[in-house]
Amino acid sequence: MPRPKLEELQLQRLQATVQRCYTKVPAYQEKMDALGVKPEDIKSLKDITKLPFTTKNDLRDNYPFKMFAEPIAKIVRMHASSGTTGKPIVVGYTANDINSWSELMARVYTSGGVTNADIVHNSYGYGLFTGGMGAHYGAERVGAVVIPVSGGLTKRQVMLWQDFGATVLMATPSYALVLAEQAKEMGVDPPRDLKLKVGFFGAEPWTMEMKREIEEKLNIEAFDIYGLTEMMGPGVSFECPYHDGLHISEDHFIVETVDPDTGESLPLGSLGEMVLTSLTKEAFPVLRYRTRDRTIIDRSSCACGRTTARMKRITGRTDDMLIIRGVNVFPSQIESVILTIKGLEPQYVIVVDRGASYMDDLEVLVECTHELHAQGDEAMKKVQEHIGAELQQVLGLNARIKVVAPKTLLRSEGKAKRVVDLREHNN
């Protein structure tokens, strides 16, 4: 679609979305009234800067359904992602929303040449996490066969690749490398024994080096995809065969970049925090969502012919949220567990690395009290196991726990450095 026509469509949909938010979501009406903004004030796309931002705190404060713009009777699905407390961020979908999401994910597949002749091996997690279902419905929309494997049982997955003849892989990039390693251990040679052609990878940060490794080990073309639960799930943007940034589906989303500290809009081409506004969502419309992801937006023409803006690979986050194996993890969640267990000091370090297995590795080092230390190794081991079990309940992830002696961890005179992320350094 030519840019002028696309922007005309965006404005129509933005005006309708603002009206929906103002009349159906009290939290948005309150925010807009505080700024002195009415729906009729949005006369051009530039007027989007008059609208309030939406943050994770807004979604958390309105848990579970207060941000919904439709009654429960019209909601056909709910998904959720982790928030900074034990309560998740809940997103609702109408039947039309599911239809739009399927269309968005169908675009992802089409960008990689997937058709109804393909077999899609879907290793994204099914459940409250949006990845599995989003990938599933998009594949069905293009008419492909879907194998809804989800994660885990790695040997079995490689066996199914061989037996079912999958041509497309959907997975997190780290799990794709685990699968590749397992295939090698089983004596499976991808060019000889598998029919895989392409893979679509997202839900966690990954480097160009990791992309090349996936392509070499699995003999496929790897495509980067981006999405977030708050916007719909996977399918917000995707790479085309030219791999020069991720095309944003701008008929469904308006993208901005802002200064993460001031919130001021940045010129096109500037590195900043990405802000997204939904244009077609019925159940859970979102205005100017602060994604905390840092990127650059490019509106230059692409050789593929698509006229939509492209986002460069995410260069980091403006908050302290970690994405580990596709799961959102906040240091505050770990701290809350540590502070409830007797025998521990409030001194800890979170180390995230990507090990030889290519899976994200989460380790938590925490100091014990002198009293616990005096009880010996057996007592410290029991506390380690207790911490691990509690974190598994809170995060849904296994972490390696190491309880260390008092005064072992480095102290800071300023702001404590709680997180050491070695993944980028080691890739």
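Here the structure is a predicted model, which is why all the values come from computation and not from measurement.
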Novice: Check the side chains of Tyr289 and Glu230 for a donor-acceptor pair under 3.5 angstrom, ignoring hydrogens and angles.
Specialist: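 Tyr289 and Glu230 do have a side-chain donor-acceptor pair below 3.5 Å.
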Novice: I'd like to know if the side chain of Asp97 reaches the main chain of Ala283, judged simply by a donor and an acceptor atom lying under 3.5 Å from each other, with no hydrogens or angles considered.
Specialist: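 Yes; judged by distance alone, with no hydrogens or angles, the pair exists.
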Novice: Which residues satisfy the salt bridge (Lys or Arg N to Asp or Glu O under 4.0 Å) test with Arg3, sequence neighbours excluded?
Specialist: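 Arg3: salt bridge (Lys or Arg N to Asp or Glu O under 4.0 Å) contacts with Glu7, Glu250.
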Novice: Considering only distance and modelled atom types, tabulate donor-acceptor pairs under 3.5 Å from the side chains of residues 180-192, sequence neighbours left out.
Specialist:
unit_1: Arg192; atom_1: NH2; unit_2: Gly187; atom_2: O; d: 3.3

Novice: List the atom of Val236, the atom of Gly233, and the distance in Å for their closest heavy-atom pair.
Specialist: CG2-O, 3.9 Å
Novice: Given 3.5 Å as the limit, does a donor-acceptor pair link the side chain of Thr17 with the main chain of Leu279, or not?
Specialist: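 Answer holds: yes.
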Novice: Heavy atoms, side chains only, cut-off 4.5 Å: are Leu391 and Leu397 in contact?
Specialist: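 No, too far: nothing below the 4.5 Å cut-off.
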Novice: Could you tell me whether the side chain of Phe238 reaches within less than 4.5 Å of the side chain of Phe200, counting heavy atoms only?
Specialist: no
Novice: Give the table of side-chain donor-acceptor pairs shorter than 3.5 Å for residues 138-153, with sequence neighbours excluded, one pair per line with atom names and distance.
Specialist:
unit_1: Glu140; atom_1: OE2; unit_2: His136; atom_2: NE2; d: 3.0
unit_1: Arg141; atom_1: NH2; unit_2: Asn99; atom_2: OD1; d: 2.6
unit_1: Ser150; atom_1: OG; unit_2: Tyr126; atom_2: N; d: 3.3

Novice: Do Thr94 and Asn96 have side-chain N/O donor and acceptor atoms under 3.5 Å apart?
Specialist: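 Checked: Thr94/Asn96 side chains show no N/O donor-acceptor pair below 3.5 Å.
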Novice: Whether the Tyr124 and Thr130 side chains hold a donor-acceptor pair (N or O, under 3.5 Å, no angle test) is what I'd like checked.
Specialist: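 No.
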Novice: Think Arg288 forms a cation-pi with Phe253, using NZ or CZ under 6.0 Å from the six-ring centre and within 45 degrees of its axis?
Specialist: no
Novice: So, using side chain to side chain donor-acceptor pair (under 3.5 Å) as the criterion, who are the partners of Asn219 when residues are at least two apart?
Specialist: none
Novice: Any Lys/Arg nitrogen of Asp361 or Arg400 sitting under 4.0 Å from an Asp/Glu carboxylate oxygen of the other?
Specialist: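 Yes.
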Novice: When you look at Met359 and Arg354, which way does the side chain to side chain contact (heavy atoms under 4.5 Å, CB included) test go after all the steps?
Specialist: CA-CA 6 Å; Met359 290 289 280; Arg354 189 160 281 140; over 6 Å; no
Novice: Are any of the side-chain heavy atoms of Val403 and His386 separated by less than 4.5 Å?
Specialist: no
Novice: Considering non-hydrogen atoms only, spot the tightest contact between Ser111 and Cys240 and give its length.
Specialist: CB-CA, 4.3 Å
Novice: Roughly how far apart are Ile119 CD1 and Lys195 NZ, rounded to 0.5 Å?
Specialist: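 The CD1 atom of Ile119 sits 7.0 Å away from the NZ atom of Lys195.
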Novice: Do Thr291 side-chain atoms and Asp293 backbone N/O form a donor-acceptor pair below 3.5 Å?
Specialist: yes
Novice: Output yes when a side-chain donor or acceptor of Asp61 lies under 3.5 Å from a complementary backbone atom of Asp58, and no otherwise.
Specialist: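 Looks like no, no N/O pair under 3.5 Å.
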Novice: Just checking Lys217: does its NZ atom have more than 12 heavy atoms from other residues, nucleotides or ligands closer to it than 6.0 angstrom?
Specialist: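 Result for NZ/Lys217: enclosed.
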Novice: Hey, is CD on Gln392 packed in by over 12 heavy atoms from elsewhere, all under 6.0 Å?
Specialist: yes
Novice: Could you tabulate the donor-acceptor pairs under 3.5 Å formed by side-chain atoms of residues 242-249, not counting sequence neighbours?
Specialist:
unit_1: His243; atom_1: ND1; unit_2: Lys211; atom_2: NZ; d: 3.3
unit_1: His243; atom_1: ND1; unit_2: Glu239; atom_2: OE1; d: 3.1
unit_1: His243; atom_1: NE2; unit_2: Glu221; atom_2: OE2; d: 2.7
unit_1: Asp244; atom_1: OD2; unit_2: Arg310; atom_2: NH1; d: 3.0
unit_1: His247; atom_1: ND1; unit_2: Thr308; atom_2: OG1; d: 3.2
unit_1: Ser249; atom_1: OG; unit_2: Arg107; atom_2: NH1; d: 3.2

Novice: Please answer whether the main-chain N or O of Ala80 pairs with a side-chain N or O of Thr229 as donor and acceptor at a distance below 3.5 Å.
Specialist: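 No, because the side chain of Thr229 does not come within donor-acceptor range (under 3.5 Å) of the backbone of Ala80.
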Novice: Do His79 and Trp101 have ring centres separated by under 6.0 Å?
Specialist: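 Centroid distance His79-Trp101: below 6.0 Å, so yes.
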Novice: What's the verdict on side chain to side chain contact (heavy atoms under 4.5 Å, CB included) for Leu362 and Leu395, showing C-alpha distance, side-chain angles and the deciding distance?
Specialist: CA-CA 11 Å; Leu362 174 62; Leu395 306 177; 4.1 Å; yes
Novice: Do Val349 and Glu367 come within less than 4.5 Å of each other through their side chains, counting heavy atoms only?
Specialist: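 No; the side chains remain at least 4.5 Å from each other.
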Novice: Are the side chains of Val366 and Ile338 in contact, using a 4.5 Å heavy-atom criterion?
Specialist: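 Yes; the side chains approach each other to less than 4.5 Å.
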Novice: Counting N and O atoms only, with roles assigned by atom type, does the side chain of Tyr93 sit under 3.5 Å from a partner on the main chain of Met232, one being a donor and the other an acceptor?
Specialist: yes
Novice: Would you check if Phe65 and Met78 make a side-chain contact, meaning some heavy-atom pair closer than 4.5 Å?
Specialist: yes
Novice: OG of Ser174 to CD1 of Ile323: how many Å apart, nearest 0.5 Å?
Specialist: 11.5 Å
Novice: Can you check whether Ser123 reaches Leu179 side chain to side chain, under 4.5 Å on heavy atoms?
Specialist: yes
Novice: Determine, for Lys197 against Asp118, whether the closest basic-nitrogen to carboxylate-oxygen distance falls under 4.0 angstrom.
Specialist: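 Salt bridge between Lys197 and Asp118, a charged N being under 4.0 Å from a carboxylate O: yes.
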Novice: If you take all heavy atoms of Pro173 and Ile214, which pair is closest and at what distance?
Specialist: O-CD1, 3.7 Å
Novice: Please check this pair: side chain of Ser270 against backbone of Leu266, looking for a donor-acceptor N/O pair closer than 3.5 Å.
Specialist: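 No, because the side chain of Ser270 does not come within donor-acceptor range (under 3.5 Å) of the backbone of Leu266.
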Novice: When rounded to the nearest 0.5 angstrom, what distance separates OG1 in Thr115 from OH in Tyr109?
Specialist: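 Interatomic distance, Thr115 OG1 to Tyr109 OH, rounded to 0.5 Å: 13.0 Å.
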Novice: Calculate, to the nearest 0.5 Å, the distance between atoms CD and CG belonging to Gln384 and Leu344 respectively.
Specialist: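 Nearest 0.5 Å value for the CD-CG distance: 10.0 Å.
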Novice: How close do Arg77 and Ile75 get, heavy atom to heavy atom, and via which atoms?
Specialist: O-CG2, 3.3 Å
Novice: Near Tyr137 OH, under 6.0 Å, is it more than 12 heavy atoms from other residues, nucleotides or ligands?
Specialist: no
Novice: Does the pair Tyr175 and Thr154 meet the rule for a side chain to side chain contact (heavy atoms under 4.5 Å, CB included), with working shown?
Specialist: CA-CA 9 Å; Tyr175 191 56; Thr154 307; 3.0 Å; yes
Novice: Ser278 and Phe284: which non-hydrogen atoms are nearest, and at how many Å?
Specialist: OG-O, 4.5 Å
Novice: Would the distance check show the side chain of Thr54 and the main-chain N or O of Val286 forming a donor-acceptor pair, the cut-off being under 3.5 Å?
Specialist: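 Flag not set: sc Thr54 to bb Val286 has no pair under 3.5 Å.
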Novice: Starting at CD of Glu256, measure out to CG of Leu276 and round the result to the nearest 0.5 Å.
Specialist: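 One finds 9.0 Å between CD of Glu256 and CG of Leu276.
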Novice: Decide yes or no for Ile254 and Ile48: does some side-chain heavy atom of the first lie under 4.5 Å from some side-chain heavy atom of the second?
Specialist: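 SC-SC contact between Ile254 and Ile48 confirmed.
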Novice: Apply side chain to side chain donor-acceptor pair (under 3.5 Å) to Glu70 and list each qualifying residue two or more places apart in sequence or on a separate chain.
Specialist: Arg20, Lys24
Novice: Answer yes when Arg325 and Asp360 have at least one side-chain N-carboxylate O distance shorter than 4.0 Å, and no when they do not.
Specialist: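 No, no charged N to carboxylate O under 4.0 Å.
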Novice: Starting from the C-alpha separation in whole Å, work towards a yes-or-no answer on side chain to side chain contact (heavy atoms under 4.5 Å, CB included) for Val108 and Phe223.
Specialist: CA-CA 9 Å; Val108 171; Phe223 288 79; over 6 Å; no
Novice: Give, for atom CG of Leu14 and atom CD of Gln12, the distance between the pair rounded to the nearest 0.5 Å.
Specialist: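 Spacing of CG (Leu14) from CD (Gln12) equals 11.0 Å.
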Novice: For residues Ile387 and Val337, report the shortest heavy-atom separation together with the two atoms involved.
Specialist: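 Answer, listing the atom of Ile387 first, then Val337: O-CG1, 4.5 Å.
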Novice: Between the main-chain N or O of Leu59 and the side-chain N or O of Asn62, is there a donor-acceptor pair closer than 3.5 Å?
Specialist: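 No, Asn62 side chain to Leu59 backbone: no donor-acceptor pair under 3.5 Å.
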